[in-house]
Amino acid sequence: MRAAVVSFPGSNRERDIVMALERASGKKPVVVWHGEAEIPDCDLIVLPGGFSYGDYLRAGAMAAHSPAMKELKRKAAQGVPVLGVCNGFQILTEAGLLPGALMRNASLKFVCRQVHLRVEESQSLFTNAYEKGQVIRVPVAHADGNYTADPETLKHMEDRGLVAFRYVTADGRTDPATNPNGSIHAIAGIFNETKTVLGLMPHPEDATDPDAGGMDGFGMFKSLVDALH
Amino acid sequence: MKATVHVTLKPGVLDPQGQAIGHALSGLGFAGVTSVRMGKFLELDLAETDRAKAEAQVKAMCEKLLANTVIESYRVEIGS
């Protein structure tokens, strides 16, 4: 699996994702600067976490219009899989590649801690190494992760199995007390219609080392390597 | 020509910042504030001199960048 990671001014998790991708695939991903109009041929494009453009105006709003994003949209339309983590998820919603929006956390606080996620869908490029209903432990670190969408969009996503991950308790129950940001339906990550684009606020790439944070996030990278070779 | 843009969360979209400001106001003794909604205010200087064209331009800016119309609405005013 050859991956390209797009880096923006203010990205800061690109090295984490590069390490996780390399550990899973054995191949070093290409890092593409946001000003590039071309993204090299690859099997996966990743938008990493961070604070592109300092989160000015809205998180991800400016990055969504960069030259590399035009190319990303073109490739995504051809079916090239896209993964957006944290700021990457915010950029994907701002670019219209995923529905809904990410608002300021309901607590108004930056949240940086381990959370439990329930894998809602194992039939995807990104989650096939997990069991449906499996609970994994990965970190979150964000101020704007409060997912929202209009009621029709939500119903459509729930009916079609497009909710990828939900914030839950350690034993797999949704509970307002464990929802770190106030996201509607405790949504932590979503797919597009074809399940070729995934956006999520938590950082699976920071749970891919047994000595630092555990291995619960590795399944996502293993899934991608198994699906994309 | 000057243009001003107000961007606010749509009615029904929860505004935790507005709520926090409302709580702070009541804590300061300002009674009777039943709701606070927080938004953004932008001032633009435009080279365009035709009002209608300027308004159309700024509306396009709002749709493309200044507002996220999934959760926000906007109001454009064209000055002199």
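Letters A, B, ... mirror the listed sequences (proteins, then strands); counts begin at 1. These figures come from a predicted structure and were not determined experimentally.
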Short N-O contact, [X] and [Y], less than 4.0 angstrom:
X	Y	answer
B:Lys2	B:Glu77	no
A:Glu71	A:Arg74	yes
B:Glu55	B:Lys53	no
A:Arg13	A:Asp206	yes
A:Asp144	A:Arg104	yes

Considering only heavy atoms from C-beta outward, does the side chain of [X] approach that of [Y] to under 4.5 Å?
X	Y	answer
A:Val5	A:Val30	no
A:Phe8	A:Glu14	no
B:Thr69	B:Tyr74	yes

* Residues of residues 7-16 of chain B under 4.5 Å from chain A (heavy atom pairs)? -> B:Leu9, B:Val13, B:Leu14, B:Pro16
* Quick one: does A:His156's side chain have a donor or acceptor within less than 3.5 Å of a partner on A:Pro151's backbone? -> no
* Structure fact -> Highest number of heavy-atom pairs under 4.5 Å with chain A among B:Leu65, B:Val70, B:Leu66 belongs to B:Leu65
* Asked: Side chain, backbone, both or neither: which part of B:Glu72 has a non-hydrogen atom closer than 4.5 Å to chain A?
  -> side chain
* Under 4.5 Å from a heavy atom of chain A, the part of B:Ile71 involved -> side chain
* Measuring heavy-atom distances to chain B, does A:Leu57 have an atom under 4.5 Å in its side chain, in its backbone, in both, or in neither? -> both
* Residue by residue, scan residues 171-183 of chain A and write down, ordered by number, those that have a heavy-atom distance under 4.5 Å to chain B; if none do, write 'none'. => none
* Asked: Does the side chain of A:Asn128 pick up a donor-acceptor pair with the side chain of A:Gln123 at under 3.5 Å?
  -> no
* To do: Evaluate the ring planes of A:His34 and A:Tyr53, with Trp represented by its six-membered ring, and classify them as parallel (under 30°), tilted (30 to 60°) or perpendicular (over 60°).
  => perpendicular
